[in-house]
Amino acid sequence: MSEYKVKFEVFEGPLDLLLYLIKKEEVDIYEVNLTRLAAQFIEYIEMMREFDLEIAGEFLVMASTLMYIKSRELLPVDQQAQLEGEEDGADPRWELIRQLVEYKKFKDAAAQLQALEATQENVFPRVPVKLEFESEKPAPKPDVSIFDLLNAVNAVLKRLEKRDNTRDIFEDKWTVSEKIEYVVRMLSSRASVRFSELFEDAMSRSEVVCTFLALLELIRLKQLVCAQSEDFGEIEIKKRVADVVVTAPVSPTEPDSQPQ
Amino acid sequence: MELKFILESLLFSAQKPLSPSELREVFANAAEQEDADATVKSLKKIKEGELNAALEQLVKDHEAAGRSYRLACVAGSWQFVTQPEFSPWLKALVGVKARPGRLTQPSLETLAIIAYRQPLTRAEIEQIRGVSVDGVMQTLLERGLVEQTGRAEVVGRPSLYGTTPLFLEYFGLASLEGLPAADELRKIVVEKPPAPVTADAGLATNPPEQLQIPEGGDQKPTDAATQTS
Amino acid sequence: MELKFILESLLFSAQKPLSPSELREVFANAAEQEDADATVKSLKKIKEGELNAALEQLVKDHEAAGRSYRLACVAGSWQFVTQPEFSPWLKALVGVKARPGRLTQPSLETLAIIAYRQPLTRAEIEQIRGVSVDGVMQTLLERGLVEQTGRAEVVGRPSLYGTTPLFLEYFGLASLEGLPAADELRKIVVEKPPAPVTADAGLATNPPEQLQIPEGGDQKPTDAATQTS
């Protein structure tokens, strides 16, 4: 009995259960005794009821189809009823078997897909060592990448740590947009600013980070450019010549903080 | 210089699978190089047919060589891959492949139906499986293995579903033609028995022979993939 | 399973030349895997002599096969290399697939966000950058610098992204630990609102407010940089 309970849960639907019953009989789908199959199917449904298992509607529909087939077969051919809408000569047994055969084929195909899936987990593509031509022409380094900037900010943070080991207890009051104004202001009177200058007065890590993010944003908006004369050298920040006026990110500011 | 060896060296050195059109681009670009010699120039406009023939030959070469790797076509692009039996060591070398969890039985069944019968509606899938496929379809759509490919020209204009290129990649298939037992499953032409099957009450039903289906030559997989618009 | 084929599959799939000691390490690690079978375990402590003999045999095999590539030992490490006569096409391949110049600023920023915050969803990236990242993500994915690493367990199960080994290589980093200012920038997220998690599709974690950069001038920036430790 308890065997049934376990089994029920693994059936994907009535067709799956029917295939299981046919397999248990060890007969070919085409040769199955549908009357006996119907009896077994209904037995299972009864069993599910006894165990208070929820019976999906599809199972009940199938049960009624099977009952119909069973009752129909008790009559001679010429007295068999025609269901409404059923085509002349259609045989519900044949229809069910056709459906079972079709489902079985897809179930088998699913098993093959599953095997492919398992195989693919063990197939590794060749990812070759990069071709050596690349080194022939090293990428030029006209700009400073974000990682150079991050390196720089890291250095600033380290310096800050040395200068002040005590943790800030006061609440940080810095925002990125204030820092954007700050950077813009610094550059309004001069052609360029050294990267480290921007951080000279920073009191806390968060202030440094805010300044840094402000810088990124200004670069993103193409307001500033960074240049580095040598690797790991000091980074210089300049206004972009083309467009001088900072637009989007700056919150309403006093006129004197705007670049002229 | 044999074409197949050039292709081999390219696929051997590429960082990703290459499609025939990408390969042709390489030949075209190589011919544009300043120092291109006669051979390189002669291959400038290589025909896709030649390319494919050489690729097929390469596959055979490597199959015959029986080494630890083979040339594979996945979703229309070519790459060298290792044989699965070496995975214990490859996993130790490159780490376990990042793949989402395996598909469940209902997902696999539903996917199989979609793969072979695409494009088709949810109702058609349910008709074959005999159960609702709502949850399963959700999973398959989210995993990008199937997608909506259009709408059926019937009442209610229900969505039609088909498989994605990711489906091919996931199962390591070159194309939908590569599906296992594709011929048999793609279209079962249902022919009615010429006469009603008579069977004595309670006796085994006669096998409907017509189910040993005549191959539906009219429906090619490529046709199945083409959209009805 | 022949040792030489295992070695071949390893050298075939390795992204860099491997030394005998690295190869031995792979065998040792493979044997440590949970599902290691008898063969894998038996090769746990492969002797360097055996290894070298098998490598030499492999070299001979491939030489005899006369294909477009061969196995070479350079500076004590082994790798497959292509024959020089194919260089016109390989150069063209590199041209086609090459690093197309340097990354643009939006790409770099997006990349930085992914690098420091991985894994995260596209929506989270956009939250931080304040603008759509569709085009940028496409570029980064195509260039193999980021990849899908899984799916967030939130409504819609959006893809999570992370950086690839190529990312490390591109920037010459040994590991993600090597990212500059890693501690600081990772930490800056921190404060999660105590509010109940109403699943916002696409947001696996709450957006790090501090990184939000206002787009419109009128928009007040969120209170930046509340520091926690």
Side-chain angles (χ1 to χ4, degrees), chain B residues 1-16 18 22-23 25-33 35-37 39-41 43 58 61-62 65-69 80-96 98-101 138-139 141-144, chain C residues 1-2 4-15 18 22-23 25-33 35-37 39-40 43 61-62 65-69 80-83 85-97 142 144 147-151 156-159 162 165-166:
Chain B
M1 188 137 3
E2 250 190 286
L3 174 60
K4 70 170 181 182
F5 286 122
I6 303 172
L7 289 170
E8 185 184 68
S9 71
L10 286 169
L11 294 170
F12 201 79
S13 307
Q15 298 281 330
K16 67 176 203 68
L18 295 175
E22 283 168 325
L23 285 165
E25 199 184 327
V26 171
F27 281 98
N29 289 348
E32 292 299 326
Q33 285 172 131
D35 52 355
D37 64 15
T39 316
V40 177
K41 281 182 178 152
L43 290 167
L58 267 184
D61 282 7
H62 285 280
R67 303 215 66 91
S68 62
Y69 51 85
F80 278 103
V81 297
T82 57
Q83 305 286 18
E85 59 262 41
F86 300 99
S87 71
W89 297 279
L90 292 169
K91 278 177 190 160
L93 176 71
V94 299
V96 177
R99 268 166 83 94
Q138 186 62 22
T139 309
L141 286 163
E142 272 167 16
R143 287 185 63 160
Chain C
M1 190 142 355
E2 249 189 290
K4 71 170 179 181
F5 285 122
I6 303 172
L7 289 169
E8 185 184 68
S9 72
L10 287 169
L11 294 170
F12 188 81
S13 305
Q15 297 196 30
L18 294 175
E22 283 167 323
L23 285 165
E25 207 175 305
V26 171
F27 283 97
N29 290 342
E32 294 298 327
Q33 287 174 134
D35 52 354
D37 65 13
T39 316
V40 177
L43 290 167
D61 282 8
H62 285 282
R67 304 213 65 91
S68 62
Y69 51 86
F80 279 103
V81 295
T82 43
Q83 307 286 21
E85 61 262 40
F86 300 100
S87 68
W89 296 278
L90 294 174
K91 273 182 190 158
L93 173 71
V94 172
V96 170
K97 303 288 140 204
E142 269 167 17
E147 63 189 349
Q148 195 190 317
T149 59
R151 288 188 176 275
R157 290 178 49 75
S159 296
L166 183 65

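Just so it is clear: chains get the letters A, B, ... in the order the sequence lines come, proteins before strands, and each one is counted from 1. In what follows, every heavy atom counts, from backbone to side chain, and hydrogens, waters and symmetry copies are set aside.
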Segment of B:L11 engaging chain C (4.5 angstrom heavy-atom cut-off) = neither

Among all residues two or more places apart in sequence or in another chain, which pass the side chain to side chain donor-acceptor pair (under 3.5 Å) test with B:T139?
-> none

Do C:H62 and B:R67 have side-chain heavy atoms sitting under 4.5 Å apart?
-> yes

Where on C:L18 is there a heavy atom nearer than 4.5 Å to chain B: the side chain, the backbone, both, or neither?
-> side chain

Smallest separation among heavy atoms of C:E8 and B:S68, with atom names = OE1-OG, 2.6 Å

If you tally heavy-atom pairs under 4.5 Å between each of B:V94, B:V81, B:L93 and chain C, the highest tally belongs to B:L93

Working for ring pair (Phe, Tyr, Trp, His ring centres under 6.0 Å), residues B:F5 and C:Y69 = CA-CA 9 Å; B:F5 286 122; C:Y69 51 86; 9.0 Å; no

Toward chain B, the part of C:A36 with a non-hydrogen atom under 4.5 Å | neither

Check side chain to side chain donor-acceptor pair (under 3.5 Å) between B:R143 and all other residues, then give those that pass, not counting sequence neighbours.
-> B:Y170

Scanning both residues in full, the closest heavy-atom pair of C:L10 with B:W89 reads CD2-O, 3.6 Å

Rounded to the nearest 0.5 Å, how far apart are CD1 of C:I6 and OG1 of B:T82?
-> 12.5 Å

C:D37 side chain near B:P88 side chain, heavy-atom distance below 4.5 Å = no

CD-OG1 distance between B:E85 and C:T39, expressed to the nearest 0.5 angstrom | 11.0 Å

